[in-house]
Amino acid sequence: MRYTSIILSVLLISIGFFSVAQETKQDTKTEKFTLSGFLKDKKNGEAIIGANIYVVGNNALGATTNLYGFYSLSLPKGTYQVAFSYIGYNTQIKEIILDKDIRNNIELSDDARVLDEVVISSERKDENVKSTQMGKEELSIERIKSIPAFMGEVDIIKALQLMPGVQAAGEGNSGIYVRGGGPDQNLVLLDDAVVYNTGHLFGFFSVFNADAVKNVTLIKGTMPSNYGGRLSSVIDVQMKEGNSKQFELEGGIGLISSRLTLQAPMQKKKYADRNRKGSILISGRRTYIFDIAQPALKRTDFAGTNYFFYDLNVKANYQFSDKDRLYVSGYYGKDVFVYNSAKNNTKVKIPWGNATATVRYNHLFSDKLFMNMSFIFNDYQFSFTGEQLDFGFKANSGVRDYNVKVDFDYYLNTKHKLKIGAQYTHHRMTPTQATLRTGDSKFNSTVNKRYSHEVALYIDHEFDVNEKLKFDFGFRLSLFQHIGPYTNITGDGYVGQDTTYYGKAKPVKTYVGPEPRMSMRYAFGKDNSFKAGAGLNYQYIHLVSSSNSTLPTDIWVQSSQYVKPQMALQYSVGYFRNFKNNMFEFSAEAYFKHLWNQIEYAESYVGDLNVDQERGYVFGKGKAYGLELFLKKRTGKFNGWIGYTISRSDRKFPDINGGKTFPAKYDRTNDLTINIAYDFNKEWTIATTFVYATGNAITPVTGIGLIEFSPFFIYGQRNSIRVPAYHRMDFSLNYAPIPKRRPNRRFRSSYNISIYNVYNRKNTYFIYNKVDGEIKSGNLKQTAINVSLFPIIPSFTWNFKF
Amino acid sequence: MTKIIKSYILLFSVCIASIVLFVACEKEIDLKVPNPASAYVVEGHIENGIPPYVVLTKNAAFYGNINLSNLANYFVSGAQITVTTDDDTVQLAEYNGALIQSLPDSIAIALAAQLGINITSASQFPPITLYTVSLADTGFVGKFGKKYDLKITVDSKIITSTTTVPQPVFFDSLWLKPHPDATLADSFFQVYGRLYDPPAPGTFYRYFTKADNEAFLINDRSVFDDALVNGGKIEIFIPKGHPIGSIGSTDFNRAGYWNVGDSVCTIKLSVIDKPHYDFWHTVEANRSSQGNPFGSAVYVKSNVVGAYGIWGGYASITGSFNRF
């Protein structure tokens, strides 16, 4: 496998570079100049990501802004009508006389009234047809806010669940399964920092505060080679930069939480005439529903019991010159659960949460060469303290990474764009470390922290062969090394057996992963294209969960001599078509994934804090395949989408299910999502969402056996039965009044009414089995219990902004 | 240590459950579950100084309603069972409920106690079938350090297994402590024990408790190992168990505490081998998932080939103290 991929990569890259050489030869014959700059939102100065810049009348001559809003377009000397376009914004068309390199920073407006210098023309909103990228979904935060929200909490991850190929991990859960892969196979990034646990309240809410988020991109197809380390998808969340034009305060009061976001420009007066300016954003959210209950709990047995979560996002950026810009951003969020029972003499406290910090420095070496350098820290910690009279229990676990990366975007010419970069991560994984106190005795678990290096080098080459054909060749070389201090225990990993000790930073086990990626597009006419892609991915850190979704107790485990890296090879093909001047967008994508070194717990695994969790794993392979259909109406008062997926995800493990193939727990045969909005006018919008999915696969208890006159469960074939199908409809009504007397007044309110589960469907959250009674009493009874969670839940949210 | 993770999972489950159940709605559901393939369940033991015994049952469908009237149907009769050690082989004899009920009270009571059942007369013996040595072979008893092979032939099916009766270890001392909640100290007390684990790694223990003259009681977490303290001192709380076939109390303030009325406290500590430990470890985890919404499926790790269950040796020492 490894040798094949190396040969394949070398071949692909060579083809790419051969063509660059050919191009360069031809280029020398005609004089070329570069048009470059940054695209920003006129209103608040935020960089616009993924906007299109193209020559009117020749769509093949174009570029796209990167994550920082930068674009670069090299064209032969001449005069061009250049369009700057982005969904939801007015397209600007400018005449550019390109007889030298030109820097042109553009501000786009989403306000239809500002028409002075703007020409509204046919917008190039056909990115889905024109790009090589497949399986990519981009959602603007404004669109996400119009989707009916669970308990009024706008949730970007739940919005992504409405996309084809993406399934919710469970009722009300913000965990996601992408194309038959597990929740740990999604790379979730917040301003480049990995977020290890994306859920609050056991996954019912995501950690992303929508007010602080600018943009979210999901890639479920072939990943560009600047992303790696996970098999299934990338969820790239970009925080807002902060309003660099004026002070802005926005917030909201909802059913369970309140939010407040402050944005302000930063500019010293003495630099007012120069390009030295910046902005800052601070955004916070906290729940209070259980705080409200505190007075009522005070006089009960449960006094002091509480649950809350909060998030704090901070971001600042400063532009030192036209070529240098610094971004500093951070996130800190926590869940705290406190359970007190005076009657039972029990006190439990469970705090857990993520922290991330990112420092990024952008530098423009030339009009064609853009660099970003990032220093990233991320941390996830879980802890548990429980006391009951003479017994005490403490446990903690977590992950901490230090990360540095550098990325270069090199815009050779209109046909070639290169991305080159390197990344280094130092991981520290803390398994569950526990202390148990019984009376005067104390027991400490003996499992130690793990350390590792993860390195990746990548190159990505976008090549526009001609107006019809476009390629994206990529190659990523990843390296993972488990390092000391580490004590390897032989045999089954029990303490007391033979050991080998590795000193600090001493290599224990090294893996190298060549990861070739390729995607291509062939356009038929203006509105049709065919795309294909293939990519190999390695994943070196894993989270194995026995439950359906990820719980905060789940432990991330790194690759080692016992745990090989997970691998996936995905092929996909797709047909993309836009209709009616891009009003409608249609796509059909089929994918097939081979998965290797997939991980599950052994069938008889019982957690033991003295043994490394990895010794309880078993390994197998899998495959996942499916067809995704998507139809979207993008413009007009009536807009929305329908997505349908038919898919299958299987696993085969020698040590599970007697070696027979079984459906993965991420397998959902049918998945349908409908999201429709209707804008009555600028003030009133209604929206509705409907989802239908085949029920989760579960392992049934088929029988019981008797030992010591008590029953034990005998399980049937793995994941061989289904819980009832899941379906639900939500509804929302948004009202954003425009003050009639003073339409320019800055203070604006908006109101949202959401109804979750409109027809009160009792969807299965999980099923468990129980045995009541005793054989001796002759009343032994076994039953299966269906637990459904959320009935119809209306919520009301008031948002304000000024 | 097993206790740690289990109590951890349990407490965490309680916490999640309290949130989930705050809003959740539970309803019995009729799942279309396939019937399990017919299988045997072996429960056989050999202990130092005591003859081997085997209880052979059939598995039941999940929704099969087991009660006293049909209990006998699950017990298998007609099996040929032999137990072999390096120098001896014994064929076990079959005793059904009716036969045992006709035996003298003292023998029936002793047999019942072996199974953990309290009876006061032979007529109370449950309608079950068990296999143990015939009266002529009562000299065939478990010995420390010996290996015992089991062979069962039933309906032309052969079930085999091997176990050992290891070397015993016992508490160096046992002592009492009052209930930590002063308001309950008049009703309950605690028992603690200290033992010195042998130097070789991998000693596995199962313990039983007994108050006064009742049969031995078991605990929902009845096994532990020396992983943390190999060769060292282990000081542990010894919770009072509950009768076999019964459900232990879930009241945190009462479960595991001894009653002030218990005058003689007896502790039996049995050293077992690793497969035997794995069996109880997984059975207890399997049972803790019963009725636990967040419990995950744990398959019982049997040490018998051809059936579910256990053929386990116990190297036991029993000690007691009289409180009065």
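Only heavy atoms go into these numbers, but all of them, side chains included; no hydrogens, no water, no symmetry mates.
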Item checked: Heavy-atom proximity to chain A below 4.5 Å, by part of B:Tyr192 ->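 Contact with chain A: side chain only.
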Check: Taking it one step at a time, do A:Ile656 and B:Tyr299 satisfy side chain to side chain contact (heavy atoms under 4.5 Å, CB included)?
Finding: CA-CA 10 Å; A:Ile656 291 180; B:Tyr299 289 59; over 6 Å; no
Which of [options] touches chain A most, by non-hydrogen pairs under 4.5 Å:
options                               : value
B:Val41, B:Asp30, B:Val55             : B:Val41
B:Asn253, B:Asp181, B:Ile234          : B:Asn253
B:Thr57, B:Ile310, B:Ile218, B:Asn35  : B:Ile218
B:Ile128, B:Val298, B:Asp251          : B:Val298
B:His179, B:Lys32, B:Arg206, B:Arg254 : B:Arg206

Beyond-backbone contact of [X] with [Y], side-chain heavy atoms, under 4.5 angstrom:
X        : Y        : answer
A:Asn345 : B:Pro180 : no
B:Ile236 : A:Phe443 : yes
B:Phe237 : A:Asp390 : no

Keeping the roles fixed (side chain from [X], backbone from [Y]), state whether a donor-acceptor pair exists under 3.5 Å.
X        : Y        : result
B:Gln290 : A:Pro711 : yes
A:Glu708 : B:Ile244 : no
B:Asn286 : A:Phe713 : yes

Notebook entry, point to check: What's the spacing between B:Lys27 NZ and A:Thr783 OG1 if we round to 0.5 Å?
Noted result: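 Those atoms lie 14.0 Å apart.
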Next item on the list: Measure A:Thr699 against the heavy atoms of chain B and call it side chain, backbone, both or neither at under 4.5 Å.
Entry: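 Contact with chain B is through the side chain of A:Thr699 alone.
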Next item on the list: Side chain from CB out, backbone as N, CA, C, O: work out which of these in A:Ile785 comes under 4.5 Å of a heavy atom of chain B, or both, or neither.
Entry: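 For A:Ile785, heavy atoms of backbone and side chain both lie under 4.5 Å from chain B.
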Next item on the list: Determine the option with the most heavy-atom pairs under 4.5 angstrom with chain B, choosing from A:Val723, A:Thr305, A:Ile714.
Entry: A:Ile714
